[in-house]
Undergrad: 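Here's a structure for you.
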Amino acid sequence: MHQLSGQASRNPVFALIISASTDVPRHTWPIGWRSHTANTDRAAMADLHVNIAQTIKDCDPAKAGELMGLHFDDSIKALAAGS
């Protein structure tokens, strides 16, 4: 999903960053997932991914950017906390 989002953004810098960091989610995903201890939090994160995909499908770059910002902020907080 991350690579497809990078391609769909038509932003060459974003696409390059996503392509260069392909292995990063494999290492950081468990940390992020553990930071969401409640099932409702985990469901919200899954919903966020679905909503990002839907905004890309709907060709709504402003909303997709907004949702990606939320996703990025949440991910950075989890990694910084080192959960």
Side-chain angles (χ1 to χ4, degrees):
M1 177 182 168
H2 293 112
Q3 286 181 311
L4 291 174
S5 297
Q7 293 168 359
S9 74
R10 295 192 181 126
N11 178 329
V13 174
F14 181 67
L16 180 64
I17 290 169
I18 294 298
S19 294
S21 61
T22 302
D23 286 336
V24 171
R26 290 183 195 140
H27 300 288
T28 60
W29 185 86
I31 296 168
W33 192 247
R34 282 192 310 267
S35 74
H36 300 290
T37 56
N39 285 339
T40 54
D41 292 340
R42 290 178 173 182
M45 181 54 64
D47 289 344
L48 179 59
H49 280 84
V50 170
N51 291 335
I52 290 168
Q54 185 63 50
T55 59
I56 292 169
K57 181 180 175 188
D58 293 343
C59 299
D60 187 347
K63 186 66 175 179
E66 175 188 329
L67 294 175
M68 282 300 300
L70 293 173
H71 179 27
F72 183 79
D73 290 347
D74 183 74
S75 298
I76 294 300
K77 286 177 192 172
L79 292 174
S83 298

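Only heavy atoms go into these numbers, but all of them, side chains included; no hydrogens, no water, no symmetry mates.
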Undergrad: Could you name each residue pair satisfying salt bridge (Lys or Arg N to Asp or Glu O under 4.0 Å) that touches residues 66-75, not counting sequence neighbours?
TA: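 Residue pairs with at least one partner in residues 66-75: Lys63-Glu66.
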Undergrad: Please round to the nearest 0.5 Å and tell me the distance separating atom CG of Asp47 and atom CD1 of Ile52.
TA: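 It is 11.0 Å, given to the nearest 0.5 Å.
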Undergrad: Residues two or more places apart in sequence or in another chain: which of them pass side chain to side chain contact (heavy atoms under 4.5 Å, CB included) with Gln54?
TA: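 Result, side chain to side chain contact (heavy atoms under 4.5 Å, CB included) vs Gln54: Lys57, Asp58.
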Undergrad: Which heavy-atom pair separates His49 from Met45 by the least distance, and what is that distance?
TA: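 Between these two residues, the closest heavy atoms are ND1-O, 3.0 Å.
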Undergrad: Kindly give the heavy-atom pair with the smallest separation between Leu48 and Leu70, and that separation in Å.
TA: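 Nearest pair, atom of Leu48 first, then Leu70: CD2-C, 4.5 Å.
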